[in-house]
There are 2 protein chains.
Amino acid sequence: MHGSIAGMEDSKTTDRKIEIIEATTELFLENGFSGTSMSAVAKACGITKATLYHHFPGKDDLFAACVTNGYAAAQDDLKCVVARKDLSATEKLDQAMQRLYESSVSSPVGRMSPLIAEVSRTFPTVARAFHQDYIVPQRALSGQILDEGQQKGEFQEVDRDLFFHLVFGPIVTLSLSREMFATFDDLDRHFPLAQLNDGHRAMILSWLQGTAPQG
Amino acid sequence: MHGSIAGMEDSKTTDRKIEIIEATTELFLENGFSGTSMSAVAKACGITKATLYHHFPGKDDLFAACVTNGYAAAQDDLKCVVARKDLSATEKLDQAMQRLYESSVSSPVGRMSPLIAEVSRTFPTVARAFHQDYIVPQRALSGQILDEGQQKGEFQEVDRDLFFHLVFGPIVTLSLSREMFATFDDLDRHFPLAQLNDGHRAMILSWLQGTAPQG
DNA sequence: GTCTATAAGTAGATAGAC
DNA sequence: GTCTATCTACTTATAGAC
């Protein structure tokens with residue numbers, strides 16, 4: 001890690017960098033961190049390694065930039081839901097969870113989690129940044145929905161950490177499983193996204209509402 | 001992958017192999033798969049690389065052996081609970097979840113999950129084996145408790161896949177988080193094992209019992 | 001900014017003596 | 001079974017011309 005986090009030291013990240021980041025993200029997702037060489041990245045971008053190193057001082061910086069690049073989009077999605085005035089807290093949570101499920105298995109940043117785990121050991125800085133810039137805001141936004149529901153009397157009082165644990169736990173694990181077993185031809189039978197999503201949301205809502213849930 | 005899965009082709013795995021496996025597991029857990037070189041393994045075992053390659057035909061075989069080595073212990077723990085005659089299904093589930101929490105953050109095989117994710121891309125065989133030899137039996141055992149509870153009328157009818165999703169999801173994610181952020185000095189404040197364990201268990205049980213849960 | 005060329009090092013894996 | 005010595009391939013990263 002040479003510069004500041006994620007190679008974002010320039011106030012405006014150039015188009016060239018964005019091109020590299022997006023191409024590299026694909027490679028990382030497909031082959032993992034250590035399975036992706038800087039030569040392969042350069043080749044995929046149609047540039048030489050030296051040029052690549054001109055834009056990013058090291059492989060870890062490039063990786064951090066890939067991770068960071070996905071933050072904004074993923075969080076805007078959630079912010080959008082939180083800000084809506086026409087929805088009850090219950091409806092907001094329902095929509096938020098639905099979007100979290102979708103983005104965790106389809107968006108780059110969601111699919112990146114196993115890679116971040118891989119890299120965290122060698123670059124704790126990346127782990128720190130991921131936590132502060134992604135997990136903490138994600139929690140804060142979900143927490144806003146919880147607060148709103150409790151203030152309006154829609155939800156009963158629950159422990160905040162437990163709430164995050166029960167909401168994000170199954171989502172992250174499902175995303176991880178689907179990445180791990182991506183080569184399975186019967187992936188959807190083993191890890192059926194829509195069905196688990198529906199059941200999980202229903203369970204969380206009935207938990208928060210203090211009503212007896214239906215199996 | 002040269003021999004059969006996990007280098008377990010010999011009916012009796014020699015003591016030497018076990019020694020290597022245990023030392024290597026430590027290294028893998030500390031530095032990841034690609035962060036652990038065969039030279040480092042050999043050094044840690046006090047042998048040369050050539051000797052190491054005499055025992056294990058390749059790095060992937062060695063890794064698979066490390067993963068497989070933890071299965072038995074982790075599953076015996078669960079089997080023990082399932083087999084007890086003096087416990088109700090409710091009590092069994094309570095104990096099983098408690099043990100799953102403990103083993104997922106302390107036992108090698110539990111802590112290995114992020115590594116398996118890392119390796120799965122390059123060696124799908126390892127992913128398959130992990131699924132068939134660890135996840136499937138783990139699910140079967142937990143499923144037995146669910147069945148028992150439903151037959152005895154302790155639990156209401158719930159979707160089986162959803163049950164696994166809600167039970168294992170938070171546990172796996174907590175384990176993954178604690179591995180990812182192992183370098184945090186305030187790890188227990190961010191991911192408090194005991195507290196999340198308690199809340200999660202209470203939530204699952206009240207869900208299965210169809211009673212209104214307490215926050 | 002982009003290139004060619006190459007440094008400097010490490011990876012997994014093997015041959016063959018003892 | 002264990003060793004010494006070595007091979008090939010590939011890694012991240014850089015120097016310096018254009």
Side-chain angles (χ1 to χ4, degrees), chain A residues 1-3 6-7 9-10 12-25 27-28 30-66 115 118-119 121-123 125-126, chain B residues 1-3 6-10 12-25 27-28 30-67 115 118-126:
Chain A
M1 189 71 64
H2 303 77
E9 54 277 270
D10 311 39
K12 180 182 144 194
T13 300
T14 65
D15 291 345
R16 192 69 174 150
K17 273 191 173 176
I18 292 287
E19 271 179 47
I20 296 175
I21 287 170
E22 283 173 359
T24 310
T25 301
L27 284 181
F28 276 146
E30 199 155 340
N31 308 313
F33 179 79
S34 52
T36 304
S37 72
M38 292 297 264
S39 316
V41 170
K43 198 172 175 182
C45 297
I47 54 175
T48 61
K49 269 196 294 183
T51 305
L52 179 58
Y53 274 97
H54 171 79
H55 290 288
F56 297 93
K59 191 183 178 182
D60 53 328
D61 299 86
L62 177 55
F63 177 77
C66 291
L115 275 94
E118 177 187 347
V119 173
R121 275 178 292 268
T122 31
F123 303 110
T125 327
V126 174
Chain B
M1 190 71 65
H2 304 79
M8 288 293 192
E9 53 278 85
D10 311 38
K12 180 181 143 193
T13 299
T14 65
D15 292 345
R16 192 67 173 153
K17 274 191 173 175
I18 293 286
E19 273 178 47
I20 295 175
I21 287 171
E22 284 174 358
T24 311
T25 301
L27 284 181
F28 276 146
E30 199 156 340
N31 309 312
F33 180 79
S34 51
T36 304
S37 70
M38 293 297 265
S39 316
V41 171
K43 199 171 174 183
C45 297
I47 55 174
T48 62
K49 268 200 291 185
T51 305
L52 179 57
Y53 273 96
H54 172 78
H55 290 289
F56 297 93
K59 190 183 179 183
D60 52 329
D61 299 86
L62 178 55
F63 177 77
C66 290
V67 174
L115 275 94
E118 176 187 348
V119 172
S120 294
R121 275 180 291 269
T122 31
F123 303 108
T125 326
V126 174

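Protein chains get the first letters and strands the later ones, always in sequence-line order, with residue 1 at the start of each.
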Practice prompt. Please work out if S34(B) contacts a base, only the sugar-phosphate, or nothing of the nucleic acid, heavy-atom cut-off 4.0 Å.
Written response: nothing
Length of the line joining [X]:[atom1] and [N]:[atom2], which is rounded to integer Å:
X	N	atom1	atom2	answer
M38(A)	dT2(C)	CE	C1'	16 Å
L52(A)	dT14(D)	CG	C1'	13 Å
D15(B)	dG1(D)	CG	P	11 Å
N31(A)	dT11(D)	CG	P	11 Å
F56(B)	dT14(C)	CZ	P	16 Å
K43(B)	dT10(C)	NZ	P	11 Å
L62(B)	dA13(C)	CG	P	10 Å

[X] side chain near [N] phosphate (N/O to OP1/OP2, under 4.0 Å):
X	N	value
Y53(B)	dT14(C)	no
S37(A)	dT11(D)	yes
T51(A)	dC3(C)	yes

Worksheet entry | Heavy-atom closest contact (V41(A) atom, L27(A) atom, distance) | CA-CD1, 3.7 Å
Worksheet entry | Taking every non-hydrogen atom, the tightest pair across I21(A) and T25(A) | O-OG1, 2.7 Å
Worksheet entry | Derivation and outcome, side-chain contact (heavy atoms from CB on, under 4.5 Å), residues M38(A) and L62(A) | CA-CA 10 Å; M38(A) 292 297 264; L62(A) 177 55; 4.1 Å; yes
Item to complete: Could you check R16(B) against K49(B) and say which one's nearest nucleotide on DNA chain D is further toward the 5' end?
Response: R16(B)
Response to the item:
Walking DNA chain D from its 5' end, the first of F33(A) and A50(A) to be reached, judged by nearest nucleotide, is F33(A)
Fill in: Nucleotide nearest H54(A) when distance is taken to its side chain, options dT2(C), dT11(D), dT4(D)
dT2(C)
Practice prompt. Could you tell me whether a side-chain N or O of E118(B) sits under 3.5 Å from a main-chain N or O of S34(B), the two making a donor and an acceptor?
Written response: yes
Item to complete: Evaluate the ring planes of F33(A) and F63(A), with Trp represented by its six-membered ring, and classify them as parallel (under 30°), tilted (30 to 60°) or perpendicular (over 60°).
Response: perpendicular
